[in-house]
Amino acid sequence: DIVMTQSPDSLAVSLGERATINCKSSQSVLYNSNNKNYLAWYQQKPGQPPKLLIYWASTRESGVPDRFSGSGSGTDFTLTISSLQAEDVAVYYCQHYYSTPYAFGQGTKLEIK
Amino acid sequence: EVQLVESGGGLVKPGGSLRLSCAASGFSFSKAWMTWVRQAPGKGLEWVGLIQTKTDGETTDYAAPVKGRFTISRDDSKNMLYLQMNSLKTEDTAFYYCTTQFDWSSGDHWGLGTLVIVSS
């Protein structure tokens, strides 16, 4: 089974500054046949279900602000928020969907400094 | 509008059973792979399992902690998804969400979850 590890566990960033969250998979989630990384990023606010932000490692879900971007390939991935807004306070999860079980990372709690 | 509404949660004793339901609407349920995800209070997300479409054989797959105890099923005539949970353990206490995640034809949608508490 593929294990997902995020870093850091928590992060405090000033409004307007950049936030970077990392995610590492225990084996590659890049499917060679289609050259796609089977990696998604979710945002979860208190009392709400998760919301999809990014899929295929770098494709932004419709309606997601362009300050959110995903990058990386193979085993190392990054979620970047270019200019932190107050409404971005949440827990962020990476998840692979390369093969079942589709494991999540442990989550990164993002707060305002 | 896509809606997923979970129900059936509650308090159950260790070793007991519970069946969760998820009522789906607003999309072609019979064509969607459906997934259950859980979250223990204050903890992270945990993938529980999925069921493929009837066309794909209604194949199911489960996370190791629930394999052999949980069963996912669907009734396409009623647009319903189910999670039968047997031999429940205290560590199964969580909010249980049904979702269409990674079913690209349906989009990524989640219910609000239903809380299962396993306690004596």
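These numbers come from the heavy atoms of this one structure, side chains and all, not from hydrogens, waters or symmetry mates. Chain letters run A, B, ... following the sequence lines, proteins first and then strands; every chain starts at 1.
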> Using a 4.5 angstrom heavy-atom cutoff, name the option from Ser62(A), Gly105(A), Pro50(A) with the most pairs to chain B.
Pro50(A)
> What part of Glu46(B) gets closer than 4.5 Å to chain A, counting heavy atoms only: side chain, backbone, both or neither?
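Only the backbone of Glu46(B) comes within 4.5 Å of chain A.
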> Could Asp88(A) and Arg67(A) be called an ion pair, given the rule that one side-chain N must be under 4.0 Å from one carboxylate O?
yes
> Which bit of Pro46(A) comes within less than 4.5 Å of chain B, counting heavy atoms only: side chain, backbone, both or neither?
neither
> Would you say Thr108(A)'s side chain and Pro8(A)'s backbone share a donor-acceptor pair under 3.5 angstrom?
yes
> Between Leu50(B) and Thr60(B), is there a side-chain heavy-atom distance shorter than 4.5 Å?
no
> For the backbone of Asn32(A) and the side chain of Asn35(A), can you confirm whether one donor and one acceptor N or O come within less than 3.5 Å of each other?
no
> How would you list, by chain and number, every residue that makes a ring pair (Phe, Tyr, Trp, His ring centres under 6.0 Å) with Tyr97(A), sequence neighbours excluded?
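Per chain and number, Tyr97(A) pairs via ring pair (Phe, Tyr, Trp, His ring centres under 6.0 Å) with Tyr38(A), Trp56(A), Phe102(B), Trp104(B).
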> Check whether Gln48(A) gets within reach of chain B through its side chain, its backbone, both or neither, counting any heavy atom under 4.5 Å.
backbone
> Taking heavy atoms only and a threshold strictly under 4.5 Å, list by residue number the residues of residues 89-96 of chain A that touch chain B; give 'none' if the list is empty.
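Within residues 89-96 of chain A, the residues under 4.5 Å from chain B are Tyr93(A), Gln95(A).
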> Can you confirm if the NZ or CZ of Arg74(B) lies within 45° of the ring axis of Tyr82(B) and under 6.0 Å from the centre of its six-membered ring?
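Not flagged: Arg74(B) not positioned over aromatic ring of Tyr82(B).
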> Parallel, tilted or perpendicular: which describes the rings of Tyr97(B) and Trp110(B), with under 30° parallel and over 60° perpendicular?
perpendicular
> Atom CD in Glu61(A), atom CD1 in Ile54(A): separation rounded to 0.5 Å?
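The distance works out to 9.0 Å.
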> In Å and rounded to the nearest 0.5 Å, what is the OG1 to CE distance from Thr75(A) to Met4(A)?
9.5 Å
> For Val48(B), which atoms come within 4.5 Å of any heavy atom of chain A: side chain, backbone, both, or neither?
neither
> Highest number of heavy-atom pairs under 4.5 Å with chain A: which of Asp61(B), Thr99(B), Leu45(B), Leu112(B)?
Leu45(B)
